[in-house]
Amino acid sequence: MKKRWPITILYRAFSSSTTSTTASFPLKHVKKSNFDSALSSLRHHVQAADFVAIDLEMTGITSAPWRDSFEFDRFDVRYLKVKDSAEKFAVIQFGVSPFRWDPLKQSFITHPHNFFIFQRQELPLDGAAYEFLCQTTSMDFLAKYQFDFNACIHEGVSYLSREQEDKALKHVNSTYEDESLDSWHSLKEIRDTHLFNIPDILFAERMKDRLSEWLGGLLRNRDGGSEVQPSFNDSKQQFETIFFKMRPAISLNGFTSHQLLLIQLVVRKHFKDLAYLRVSGENSCSQNVIVYIESESDKKMLMKEVKDEQKIDAEMSIKASIGFRHVIDLLSSEKKLIVGHNCFLDIAHIYSKFFGPLPLTAEEFISSVNKYFPHIIDTKILLNSNSILQQRMKKSSTSLSKAFSVLCPQIALGSKSTHLALQPSVKVEVEVDDIRSSNWNSGVKHEAGYDAFMTGCVFAQACSHLGIDFKQQSSSENLAHNEKLREHVNLLYLSWTNGEIINLSTGNRTSESLASNKRKNHYPKILFECIVIVWGFPSHLKAWDIRECISKVYGPTSVISVYHVDETAVFVQFSRAEMVSKFLDLKGSLDRNNDPISVLHPLAKLLEGGNTCAASYETYKEICSSTVSKVLFADQAKAVGIKWKTKLVESSDKTKEHESLRKVKAVNSDPSCGERTKNKNFDDVSNDSSYSQLSSDEIIDSFYTREAKQI
């Protein structure tokens with residue numbers, strides 16, 4: 001007889017063989033509804049962690065094409081561009097993944113959190129609405145990876161920066177510290193109010209009668225020993241008898257602000273034993289009440305009691321609005337090793353959103369960041385700067401997803417195949433809501449929580465390849481102080497385009513030699529003192545056209561490179577620094593002359609249209625420091641108030657210029673000089689290195705003077 005298995009057993013066997021390989025990645029999504037509980041558990045996990053991996057998702061990167069990171073950007077300009085990005089775009093998702101080594105399991109335990117964040121105006125004194133930019137490419141990118149914009153906007157956790165909190169608390173203190181009770185509860189605004197029109201007079205008289213009726217009934221009830229009766233309450237509930245601070249009172253509802261002002265006037269002028277108060281009720285709504293007081297001292301006691309209570313409520317409201325910044329404060333206070341991937345922009349966003357306005361200079365920023373986060377490691381630098389890890393990566397891309405797939409194949413693929421099991425790796429288990437898992441499908445890339453998890457896994461595997469044995473690691477030892485990691489701590493890429501690294505501990509800057517060998521340098525060595533920024537020229541001109549124009553004037557080797565900032569702006573790097581002032585001087589001369597001869601000049605093509613402007617590199621930095629962001633660099637220059645066409649550079653050595661003028665004048669003043677001598681002197685002067693300091697106008701004028709004397 002054929003044996004029949006119970007259906008339930010077959011179902012369990014089938015489900016157990018499939019769910020273990022199809023389980024989604026365990027990621028804790030945090031929104032407003034579960035933020036408090038998530039913060040409580042995260043606090044415990046961070047305190048116990050060996051390191052914490054982070055990742056951010058933003059609404060954009062660059063506010064204009066010319067604000068992208070260029071090879072021709074100097075260190076201070078690169079920081080200004082990062083600063084602009086962090087100030088203009090919003091952080092809408094924040095991933096936090098604490099990693100703790102479990103000696104019993106011989107693996108890391110991580111708790112990946114995916115926070116949706118969205119700043120709102122939760123305080124009445126916030127002022128103007130918060131604004132941020134959205135870059136279409138970034139938003140499209142997030143949508144491609146199924147970013148939940150509805151969850152972010154409707155359920156994202158709001159926050160206050162430390163500076164916003166300080167300003168709000170100062171505002172509260174200044175509001176409630178005024179000893180004048182009248183000024184505090186806004187009665188001063190009615191002191192000089194007079195009634196001029198008939199409707200206001202009639203309304204005031206009606207309010208006077210109704211308040212007199214209520215007060216009279218109150219006094220009669222008190223004398224008769226009975227309780228206050230609610231008979232005064234009207235059908236519209238505009239007047240409602242209540243008790244306020246153990247005192248009989250009237251709650252005013254449904255009146256306009258002008259009517260309430262008239263009622264205040266009536267109370268102040270006609271009722272010495274009534275006090276008008278406007279206090280904050282539920283949901284930050286104002287409640288207007290008229291309270292019975294027995295004496296002036298009773299009034300002062302009431303006012304003080306209300307004022308103190310209102311101040312406490314306002315301070316509690318501010319504390320409740322801190323929101324997601326509690327997470328940042330936790331990471332900062334615990335001084336744990338923070339791990340990110342190519343994270344300089346992330347750190348700038350964290351500073352701007354949760355601490356205060358970014359400093360004006362990179363040096364100030366570096367000093368400030370180090371106080372809040374003394375230990376940061378960038379896994380991208382770690383992978384590029386160590387030969388062992390480079391060999392492991394096989395010179396492939398060091399993007400986060402690529403590094404994760406190469407260094408953590410078992411974790412990335414969620415596979416337990418024999419081939420992958422033979423590869424040495426650090427085990428990682430995920431725990432969410434007290435449920436541990438070691439087998440799952442790949443998560444969603446570019447979701448901040450999962451990217452933070454990938455970053456932490458890459459770091460753990462990199463540490464293993466560097467020879468760090470977590471089995472021997474003391475639980476009390478700070479991983480940031482490990483001798484094999486020490487040289488990599490606090491090194492961040494200021495820009496990946498040229499491998500420039502900034503040390504947050506010392507402020508020193510270096511160029512990464514190993515990384516530079518992997519990348520091709522598109523341009524020769526950049527000397528910023530040799531660079532001119534030119535903008536506003538016709539958009540059909542290309543880099544080759546501009547090089548050709550300038551080379552016709554100064555020679556074929558005068559221009560090292562021409563780099564497009566956008567379609568109507570370029571950097572021009574000259575072969576010598578002194579050519580910057582020569583070019584600007586010549587352009588200024590052509591701008592001033594604007595005669596038919598100027599049309600025939602080799603630079604005429606560049607100056608076509610009359611809108612071409614030029615200046616030294618310092619002007620480019622000045623324009624980049626502006627908070628304005630126009631699409632075209634030429635429009636940006638106008639927006640920041642630049643009205644001139646050419647900004648001349650003062651020569652640093654006026655002596656050479658004066659000496660050149662002296663030589664030319666000496667030749668011109670010699671009447672015995674024959675044609676041969678004249679030509680020889682002409683050659684001598686034109687070949688003199690100091691002669692290059694003269695402007696075109698001075699050279700031409702000097703030779704015209706000499707010819708006139710010869711005649």
Side-chain angles (χ1 to χ4, degrees), residues 123-125 168-193 204 207-234 237-255 257 259-320:
L123 298 177
L125 47 87
L169 289 173
K170 287 179 181 178
H171 181 271
V172 168
N173 289 331
S174 64
T175 300
Y176 291 97
E177 71 184 1
D178 193 341
E179 293 300 326
S180 171
L181 297 175
D182 280 355
S183 67
W184 168 70
H185 66 278
S186 304
L187 287 180
K188 62 180 181 180
E189 62 189 33
I190 65 168
R191 285 176 179 170
D192 300 323
T193 303
M207 293 300 103
K208 178 182 175 183
D209 292 342
R210 299 196 70 176
L211 292 175
S212 297
E213 178 187 349
W214 180 80
L215 183 59
L218 178 67
L219 295 176
R220 285 193 300 273
N221 288 332
R222 184 190 64 177
D223 294 339
S226 61
E227 295 182 355
V228 178
Q229 301 297 321
S231 58
F232 186 74
N233 298 351
D234 60 1
Q237 293 294 307
Q238 286 185 304
F239 291 86
E240 182 182 1
T241 300
I242 61 172
F243 276 91
F244 184 83
K245 303 296 180 185
M246 304 299 293
R247 298 172 176 84
I250 301 173
S251 175
L252 303 175
N253 305 297
F255 291 99
S257 58
Q259 289 173 333
L260 290 172
L261 185 65
L262 295 176
I263 294 174
Q264 289 183 63
L265 178 64
V266 170
V267 171
R268 184 174 183 82
K269 285 188 174 182
H270 301 288
F271 298 95
K272 302 300 182 184
D273 42 8
L274 295 180
Y276 186 101
L277 292 174
R278 184 168 62 246
V279 296
S280 297
E282 295 182 0
N283 300 322
S284 300
C285 296
S286 295
Q287 181 184 12
N288 297 274
V289 294
I290 300 173
V291 185
Y292 171 73
I293 52 175
E294 296 183 346
S295 63
E296 189 65 26
S297 61
D298 184 38
K299 178 181 178 180
K300 290 182 179 180
M301 185 184 301
L302 171 66
M303 293 298 187
K304 185 179 186 307
E305 184 180 355
V306 171
K307 185 170 78 167
D308 292 344
E309 185 179 274
Q310 292 288 97
K311 182 180 179 182
I312 293 173
D313 288 345
E315 291 173 343
M316 291 180 63
S317 177
I318 293 171
K319 295 297 182 184

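Quick note: residue numbers are just sequence positions, from 1. Every value quoted in this text rests on a predicted model; they were computed, and no experiment measured them.
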- Message: For a side chain to side chain contact (heavy atoms under 4.5 Å, CB included) check, start with the C-alpha distance between N173 and E315, then their side-chain angles and the critical distance, and finish with the verdict.
- Response: CA-CA 9 Å; N173 289 331; E315 291 173 343; 3.8 Å; yes
- Determine, step by step, whether K311 and K307 satisfy the side chain to side chain contact (heavy atoms under 4.5 Å, CB included) criterion, reporting the C-alpha distance in whole Å, the side-chain angles of both residues, the deciding distance to 0.1 Å, and the verdict. CA-CA 6 Å; K311 182 180 179 182; K307 185 170 78 167; 5.7 Å; no
[X] vs [Y] side-chain heavy atoms within contact, under 4.5 Å:
| X | Y | answer |
| --- | --- | --- |
| L277 | L302 | yes |
| L262 | F255 | no |
| V279 | E309 | no |
| V267 | M207 | no |
| L123 | S317 | yes |

- Item | Heavy-atom pair with the smallest gap, counting every atom of A275 and M303 |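 The answer is CB-CE, 4.2 Å.
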- Item | Straight-line distance of Q287 CD to I242 CD1, nearest 0.5 Å |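 Between Q287 CD and I242 CD1, I get 5.5 Å after rounding to 0.5 Å.
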- Message: Distance check, rounded to the nearest 0.5 Å: I293 atom CD1 versus F271 atom CZ?
- Response: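 Those atoms lie 12.5 Å apart.
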- Evaluate the side chain to side chain contact (heavy atoms under 4.5 Å, CB included) criterion for residues L274 and I250: first the C-alpha distance (whole Å), next the side-chain angles of each, then the deciding distance (0.1 Å), finally the verdict. CA-CA 10 Å; L274 295 180; I250 301 173; over 6 Å; no
- Message: Let's go through K245 and V291 carefully: what are the C-alpha distance in whole Å and the side-chain angles of both, what is the deciding distance for side chain to side chain contact (heavy atoms under 4.5 Å, CB included) to 0.1 Å, and is it a yes or a no?
- Response: CA-CA 9 Å; K245 303 296 180 185; V291 185; over 6 Å; no
- Message: Can you confirm whether more than 12 heavy atoms, excluding those of K319, are under 6.0 Å from its NZ atom?
- Response: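 It does not: K319 NZ has 12 such atoms or fewer within range.
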- With sequence neighbours left out, write down each residue that passes side-chain hydrogen bond (donor to acceptor under 3.5 Å, both in side chains) with S257, or none if nothing qualifies.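 Testing S257 for side-chain hydrogen bond (donor to acceptor under 3.5 Å, both in side chains), a comparison that skips the adjacent residues, returns none.
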- Query: With I312, which residues qualify under side-chain contact (heavy atoms from CB on, under 4.5 Å), at least two apart?
  - Reply: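 Scan of I312 (side-chain contact (heavy atoms from CB on, under 4.5 Å), adjacent residues dropped) gives M316.
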- Mark yes or no for whether S174, through its side chain, and K170, through its backbone, hold a donor-acceptor pair below 3.5 Å.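 Here the side-chain-to-backbone pair exists.
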